[in-house]
Number of protein chains: 4
Amino acid sequence: MTHDDPIQAQLIAARRTQILDAATKVFAEKGFERATIKDVAKAAGVADGTIYNYFKSKPDLLLGILNRLNESEQRRDDLAQISQGSVREQTRAYIKHRLEVIQGQGFEALRVMLSEVLINQSLGSTYFEQVIQPTFDIAEPFLKQQADQGVFRSMDTALILRFISGTFLGLIMLRLMGDPKLIEQWDNLPDLITNILLDGLAADGENNDESAS
Amino acid sequence: MTHDDPIQAQLIAARRTQILDAATKVFAEKGFERATIKDVAKAAGVADGTIYNYFKSKPDLLLGILNRLNESEQRRDDLAQISQGSVREQTRAYIKHRLEVIQGQGFEALRVMLSEVLINQSLGSTYFEQVIQPTFDIAEPFLKQQADQGVFRSMDTALILRFISGTFLGLIMLRLMGDPKLIEQWDNLPDLITNILLDGLAADGENNDESAS
Amino acid sequence: MTHDDPIQAQLIAARRTQILDAATKVFAEKGFERATIKDVAKAAGVADGTIYNYFKSKPDLLLGILNRLNESEQRRDDLAQISQGSVREQTRAYIKHRLEVIQGQGFEALRVMLSEVLINQSLGSTYFEQVIQPTFDIAEPFLKQQADQGVFRSMDTALILRFISGTFLGLIMLRLMGDPKLIEQWDNLPDLITNILLDGLAADGENNDESAS
Amino acid sequence: MTHDDPIQAQLIAARRTQILDAATKVFAEKGFERATIKDVAKAAGVADGTIYNYFKSKPDLLLGILNRLNESEQRRDDLAQISQGSVREQTRAYIKHRLEVIQGQGFEALRVMLSEVLINQSLGSTYFEQVIQPTFDIAEPFLKQQADQGVFRSMDTALILRFISGTFLGLIMLRLMGDPKLIEQWDNLPDLITNILLDGLAADGENNDESAS
DNA sequence: TATGAATGAGCATTCATTCAT
DNA sequence: CATGAATGAATGCTCATTCAT
């Protein structure tokens, strides 16, 4: 029946993309539950029924959005290998790249996922395993290596990962909440994060001991 | 109608609390939209109609939950004044206290708010203004003071606040997503956050210059 | 919660009856699938949603109709015991009574069940087991007894039961198909059935032997 | 358009047959309403749209099935003329033939028609007029003749026809409901029906008068 | 002719809200 | 105040039918 017509395949892929784009936009505006299939169809410029030719159900649209996030996430891997320059340079490069990846996939998709992830068990697990966990797996060896070489102070590596990941996540949340300061200064974040992460807030090493009461 | 009967008033307050507790639990489990008034009523042990004697509508329950968060947030103010000991001690005390406040108001209420805040314009604004912004207002003078005294390095104070606040927020998100490591190590966070925040990850001051290529 | 209020219970039963009556009528007119819940609600004089306070789903209405058939079927048992008079009288009494039972529960419910029973596996099984089979179980001992006593000719009892039951069923089908002759002469059926069943069509015993080839 | 190309005509007839076979099968399994055009198309191995090149609409498929029943019904006529041998032999031959005709056209088509016939006014009328009524018209003269000649007892001929026709119909219903006994003993039916129909259940002529109390 | 993607009317079901008791 | 049956608008999804290719 379905001859593997490459032109057909492209049309289908294009239609899927068109629908997922619309769904992302609409879900981001109204939230997954409040958005209706009619809303999505209208935004995509198709009939209600057409959506069901490409997605099994409304929740399936959500998975479609998540999968696109995963894909753009995966494409980042090679870049993460750039281990050139000083530790500081590498760190800054990593942070910058992570923020760019996030920005690249669009804040709308993130808004959709983050708003659902806390109250949708299965989606939450999938998101953690497929999006968050992989970032841990990539950053952890780097952190361990620096700690072993005495470049980084010895602390619980896994927890540090949570700290870093949490910082990214939290900054995105604040931005999505509409904090104007953060929107305005978003491009200054890589430097700020790098500095605090490596050196902390304290003015210099001497201040760091507790004897200075 | 409402005679200022103090006993009546207490009964009413108790019933409100009972309903809000139920709503918080149910909304946290299913999400605001997926949870039904019937669910809440059942969890509260009252009839559906009774809820409407205490709350105007379903969204009004959400506002009720947010207001309780605000209240517990406000009660923290006095404690925040503890400016005793070294900067490090003050910082650690602040962080610890913030985490305790968060833990005290229960993760369930947070789950409810955070899941709605991104897709509910008015709730999002209210949450930012009434819960997030106040923490900025309290921490900012402290940060400024330390920077002026040369204790903290000079950086964009407002952005640093976002960094700190975002870190809290993100760590909570990760915990709510069910990260087992974070649940297990939650009590070690105050120390970790304090250390990274003040000193960074770098082993010592010498590493901090970029000459070490 | 639900106090076993007998008045409440009666109201509920009355509402259920009202809805089942409407469903029977509407399903009989349009068929189960073509009839809509809105149709049933309108016929019952209630809102769509009300139906779901009394029945879990649309198929559940069908089961409700079947159960009422069962109940009226069961109430017939005691009467079936009338074993007075000659075999002929008993037979005629049985047939008459069976037809009256059928007529009593209304042809509408039968129309609904018979139209669904052939294409709805589970309903079909239930109907056969709960409505048809019991009539076999009641008539079989009587048939056996007559055969043993030499009153009836010896033939496969089980198959004779099918013959009799089939005849009832088929006559009902023809009537439901609107055969005017059958509607008009319905009351003459008990005698006709009794006569054919006991004596056959042949004019007298002599014709009955096969030697006259 | 349709050039009277005999090869084309045959291809078209073949395709129609293929689709009707599929429709019969699918409708028998799921019922007319629950079956979808997609189901039929899949079973026929064609595309959805193709069906509409051969049938105007979904109900039209039903009429197509009915018409095939009619045709096979009509082809029976000549055979029914076999009026050889004794009345008993003629009767048995008729009954046997009727059952064979029914069996020949397949129980599936019957299941489809019988399930729809009760709730579809126009289909019901058509079925009665084109399938049932003709069997009356053929058997009636025979019955009348026997009654006139004193071979059959004098009873309402039209009603007897209903009895016989109903018995067939009812036995088919029971079989379609899945009665295992009936499926197993189906081939013994002609003899059983002939015997009961001619001689009744009573052991001999003496029992037949009502004086025997 | 054959195909199957697109369409959109139609339906079962849910659920916030009301209100008579 | 408390109750919970009744309401009916709203929504996800299905499917007969059309039509461009």
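Computed from heavy atoms alone, side chains included, the values below leave out hydrogens, waters and symmetry copies. Every chain is numbered from 1 and lettered A, B, ... according to where its sequence line falls, protein lines coming before strand lines.
- Following rounding to the nearest Å, D:L11 (CG) and E:dA2 (C1') show an atom-to-atom distance of 14 Å.
- Of the candidate nucleotides E:dT3, F:dA16, F:dA5, E:dT3 has the atom lying nearest to any side-chain atom of D:V46.
- Across all strands shown, E:dT3 is found opposite F:dA20 as a Watson-Crick or G-U wobble partner, with both distances under 3.5 Å.
- With 3.5 Å as the limit, one finds a donor-acceptor pair spanning the side chains of C:D39 and C:T36.
- Formation of a donor-acceptor pair under 3.5 Å by the C:K58 side chain with backbone atoms of C:F32 is found in this model.
- Remark: side-chain polar atoms of B:N120 are not paired, donor with acceptor, to backbone N or O of B:E116 under 3.5 angstrom.
- C:F55 comes within contact range of no nucleotide atom at all, as no heavy-atom separation falls under 4.0 Å.
- Near-neighbour residues of DNA chain E inside residues 13-26 of chain C, defined by a heavy atom below 4.0 Å, are absent.
- Within 4.0 Å (heavy atoms only), B:T50 reaches at least one base atom of the nucleic acid.
- Among the atoms of the strands shown, none is found under 4.0 Å from any heavy atom of A:A41.
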Review item, nucleotides 19-21 of chain F N/O atoms under 3.5 Å of protein N/O:
none

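- Under a 3.5 Å cut-off, the side chain of D:R111 and the backbone N or O of C:L118 do form a donor-acceptor pair.
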